[in-house]
Amino acid sequence: MEYIVVKGGKKLHGEVTTSGAKNAALPILFASLLAEGVHRFNNVPVLRDIASTERLLQHLNCTTQRDGGSLIIQTNPPDDYTAPYDLVSQMRASILCLGPLLSKYGQARVSLPGGCAIGSRPINLHIDPLRQMGAEIHIEKGYVIANCKRKLTAAHILFENTTVGGTENIMMAATLAEGTTVLENAAQEPEIVDLAIYLKSMGAKIDGEGSKVITITGVDKLTPSEHTIVPDRIEAGTLLIAGAITGGDVKVEKCVPAHIQSLIEKMRESGFTIDSGDDWVSVSGGNMGHGVDIHTIPHPGFPTDLQAQFMALMTQCEGASVITEGIFENRFMHVQELIRLGAEISLNARVAVVRGEKGKLEGAQVMATDLRASASLVLAGLVANGETQINRVYHLDRGYEKLEEKLASLGATIKRCA
Ligand code: EPZ
């Protein structure tokens, strides 16, 4: 099983480019099920989760083909409308095929995604709105069985709590429904906006994307289109933290600073020198910050997907940092691993208190447990004294394209070993 070895102590310097956003690409690739024909997607990152999505789309009778940084998908009517357990269990975002299949073909049979390391990850906020839109849905032998005799009908959906995937699934389903659907308490993540841009390029009628109220007026037919995936804000934030934690000078290019404004403000509050332009953000000066508190909440708040990485940074910042995880019930799997490296962190339910001290970490073997925890351990390895070995890096490959190469290009001593 592959692992990564990092030798700590190098200050990172230089420019690095962000790849396309995994969490935009996944729903957008599933949205291609809404229109038969050839779709072209540019700036699609090469990731395990993208490959999993391609396998599921191929199972649904699509063909997929890479053309450099682009992915071309030919959508055809599926032979069966099933997303099988062996594919869905590899990537829970596969549930995002439910809305498109149900809306386009009136039927879908999707394996329940199951939980994962960071939480139980229920899908009630995907299923209940579809029932409100006229679908008959029941769970049978671990599968969501969904049918809709006629077209889905519009509804006024109030999400009881904010859900990125739920907003995406229902927004996609509503594009071909009868009438105008209103989503209240919708997620506002930039990936929702990117999905809406693609759907509108296919002929969908959508307003309000990026706000808490999205309105979708159904149309009879959508047509295949072309789209360039938005830059990955979580990768951009991870790379910015890599520069900061090493006391280096790093410029992250081809990103959208506004998408990580909450991180930028927290890093400035901590004392880091952060600058930004239209499509870049940088950290410079080499000074280490002091501990600051964060509370992860839906966008535009501090993103839960940067919580683990920010915690690694706080292990180097003098003073206490209170980190509250407001989204997932178990997103502190990285804490015990950071403690193995010598970090001083106390944990109580959804609150972690980090007592940071520059240069305190000592290299050791650690284990990645989920995607963002893996990134957190790589960041810690960049500053730990000696060598850190991060095992189970397949977690990292789900969501970061060539991370160790990007960090090595900035001067890190890091390599992947088989
Ligand atoms: C998306 O997951 C992202 N994944 C996650 O990124 C991200 O952490 C999360 O949004 C929050 O921003 C993709 O976009 C592929 P949610 P999603 O539905 O849609 C509860 C990464 O590291 N909930 O917004 O599954 C849920 O348990 C991944 O790239 C319900 O109760 O997240 C959670 O507590 C990890 N019922 C909260 O809502 C539901 O039906 C937010 O979940 C759905 C969700």
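Just so you know, ligand 1 is whichever comes first in the structure, and atom 1 is the first atom listed for that ligand. Keep in mind that what you see is a predicted model, and the values were worked out from it rather than measured. What you see below is based on every heavy atom in this structure, not just the backbone, and it leaves out hydrogens, waters and symmetry mates.
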Can you sort out which atoms of ligand 1 are near H126, meaning under 4.0 Å from one of its heavy atoms?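 Numbered from 1, ligand 1 contributes 40 (O).
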Nearest non-hydrogen protein atom, [atom]:
atom: atom 38 (O) of ligand 1; result: N161 OD1, 3.7 Å
atom: atom 34 (O) of ligand 1; result: I327 O, 2.7 Å
atom: atom 16 (P) of ligand 1; result: V164 N, 3.6 Å

Spacing of [atom1] belonging to [X] relative to [atom2] belonging to [Y], to within rounding of 0.5 Å:
X: E184; Y: T167; atom1: CD; atom2: OG1; result: 12.0 Å
X: L407; Y: S409; atom1: CG; atom2: OG; result: 7.5 Å
X: L176; Y: L152; atom1: CG; atom2: CG; result: 9.0 Å

Does the side chain of E54 come under 3.5 Å of the side chain of T64 through a donor N or O and an acceptor N or O?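 Side chains of E54 and T64: pair found under 3.5 Å.
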Please determine, by modelled atom types, if T18 and E253 share a side-chain donor-acceptor pair under 3.5 angstrom.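 Note: T18 and E253 side chains miss the donor-acceptor criterion.
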Is it the case that ligand 1 has an N or O less than 3.5 angstrom from some N or O of [X]?
X: G166; result: no
X: P122; result: yes
X: A93; result: no

Are F310 and F302 an aromatic pair, judged by ring center distance below 6.0 Å?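 Ring-ring flag for F302/F310: true, centres closer than 6.0 Å.
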